[in-house]
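Structure first, commentary second.
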Amino acid sequence: MKTSAANPVAPPLNPIELIDWFAATARPLPWRAPGITGWGVLVSETMLQQTPVNRVQPIWEEWMRRWPLPSDLAAEPQGEVVRAWGKLGYPRRALRLHEAAGIIAAEHGDVVPSDVNTLLALPGIGAYTARAVAAFAYGKRAPVVDTNVRRVVARAVHGAGDAGPPSTKRDLDDVDALLPDDDASAARLSAALMELGQVVCTVRSPLCESCPIAHDCAWQHAGRPAYAGPPKKVQKFAGTDRQVRGKLLDVLRGATGPVQREQLDAVWSDAGQRDRCLDSLLVDGLVEQTDDGRFALPGEH
DNA sequence: GAATCGTGGGC
DNA sequence: TGCCCAAGATT
């Protein structure tokens, strides 16, 4: 039990303060505009996975212009979708979103589902994205837990310098306990918690002077102790397969059709690693080989 | 739970 | 291309 029976009613955070702060200061991101569909929200949330807002925005706008409905995207060849994904990174997200769009068009009347479990059954939609769509597109009460929310909760509720390693069930329960009962307020609070983590309660140099809940933040009251959990694991990039895969795919994105193997060979000197990465791209379905032995984005030959 | 999967900006 | 980080999902 985390809460004391002697103090059952004291809310850890005041939802009203956060909701009001969000209403007054939220950035006017295009996917937050009134009337945005579930499809618009799903595309934005997928693109935003591990990817900064500024890089997503122009691509999202292009996608909404070109493919205003799931069926519009589903009608495209996979390769065109991968190319339009550009350099957002983790291009398997594009393939999964394309696949999800086909399922939504075929089985859900071309409308993104609003039920969390239905969303979770779609490719590329996990614990975060399913609840983000339910909350932000459909105004439902659903604990939306991303890295920002985890940090806000770690500080404001638990008084820690940062969140420890993620644990989906514990994290969901943590945030669920903060949400008001009614759908509309809970959905607004979820958006507010994320925004707070992004613009105020940041990893480095948090702007506590501007924080609407600093007065009942456990981290403040504890004297803002440093993070004391296990060391965060830092992902290498230079020299890894991810870098090589990125270089290989970049060649194919920039080509208008199939390319010769020599063109791919030029991007990386280690032949063994190069071949392994090309194989993995073929396995992932991000690259296809033509009958004459050349390579192309899927469906583009 | 741990490893893997891109890309680029801030420092 | 040093280290850290960014609205995660999948295996």
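If you're wondering where the values come from, they're calculated on a predicted model, not measured in any experiment. All chains are named by letter (A, B, ...) in the order of the sequence lines, taking the proteins before the strands, and each is independently numbered beginning at 1.
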Salt bridge (Lys or Arg N to Asp or Glu O under 4.0 Å) partners for A:E62, two or more places apart:
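Listed in chain order: A:R66.
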I'd like to check the salt bridge (Lys or Arg N to Asp or Glu O under 4.0 Å) partners of A:R224; sequence neighbours left out, ordered by chain and number.
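Salt bridge (Lys or Arg N to Asp or Glu O under 4.0 Å) check on A:R224 returns nothing, list empty.
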What is the distance from [atom1] of [X] to [atom2] of [N], rounded to the nearest Å?
X      : N      : atom1 : atom2 : answer
A:K232 : C:dA6  : NZ    : C1'   : 13 Å
A:D171 : C:dG8  : CG    : C1'   : 12 Å
A:L48  : C:dA7  : CG    : P     : 9 Å
A:K236 : C:dC5  : NZ    : P     : 12 Å
A:L122 : C:dT10 : CG    : P     : 10 Å
A:R150 : C:dA6  : CZ    : C1'   : 14 Å

Please identify which of these residues, A:W85, A:W31, A:W39, meets the ring pair (Phe, Tyr, Trp, His ring centres under 6.0 Å) condition with A:W63.
A:W85
Whole-Å P distance, B:dC5 and C:dA7
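It works out to 22 Å between them.
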For nucleotides C:dT1 and B:dG6, find the distance between their C1' atoms and express it as a whole number of Å.
14 Å
Which part of the nucleic acid, if any, lies within reach of [X] when heavy atoms closer than 4.0 Å are counted: base, sugar-phosphate only, or nothing?
X      : value
A:L97  : nothing
A:W60  : nothing
A:T129 : sugar-phosphate

I'd like to know if A:Q198 reaches the base of C:dA7 with its side chain such that a donor and an acceptor end up less than 3.5 angstrom apart.
yes
Check this one for me: any side-chain N or O of A:T147 less than 4.0 Å away from OP1 or OP2 of C:dC5?
no
Distance check: side-chain N/O of A:R151 vs OP1/OP2 of C:dC5, anything under 4.0 Å?
no
Once you round to the nearest 0.5 Å, how far does CZ of A:R150 lie from CG of A:D146?
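CG of A:D146 is found 9.0 Å from CZ of A:R150.
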Within residues 26-51 of chain A or reaching into it, pairs that qualify as salt bridge (Lys or Arg N to Asp or Glu O under 4.0 Å) - sequence neighbours excluded:
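Found A:R27-A:E195, A:R32-A:E195.
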Residue pairs passing the side-chain hydrogen bond (donor to acceptor under 3.5 Å, both in side chains) test where at least one lies in residues 96-111 of chain A, sequence neighbours excluded
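Non-adjacent pairs meeting side-chain hydrogen bond (donor to acceptor under 3.5 Å, both in side chains): A:S71-A:D110.
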Base versus backbone protein contacts along nucleotides 1-11 of chain B [heavy-atom cut-off under 4.0 Å; B, S, -]:
---BBBBB---
For A:A187, enumerate each residue passing the side chain to side chain contact (heavy atoms under 4.5 Å, CB included) test, keeping only those at least two apart in sequence or located in another chain.
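A:A187 satisfies side chain to side chain contact (heavy atoms under 4.5 Å, CB included) with A:A135 only.
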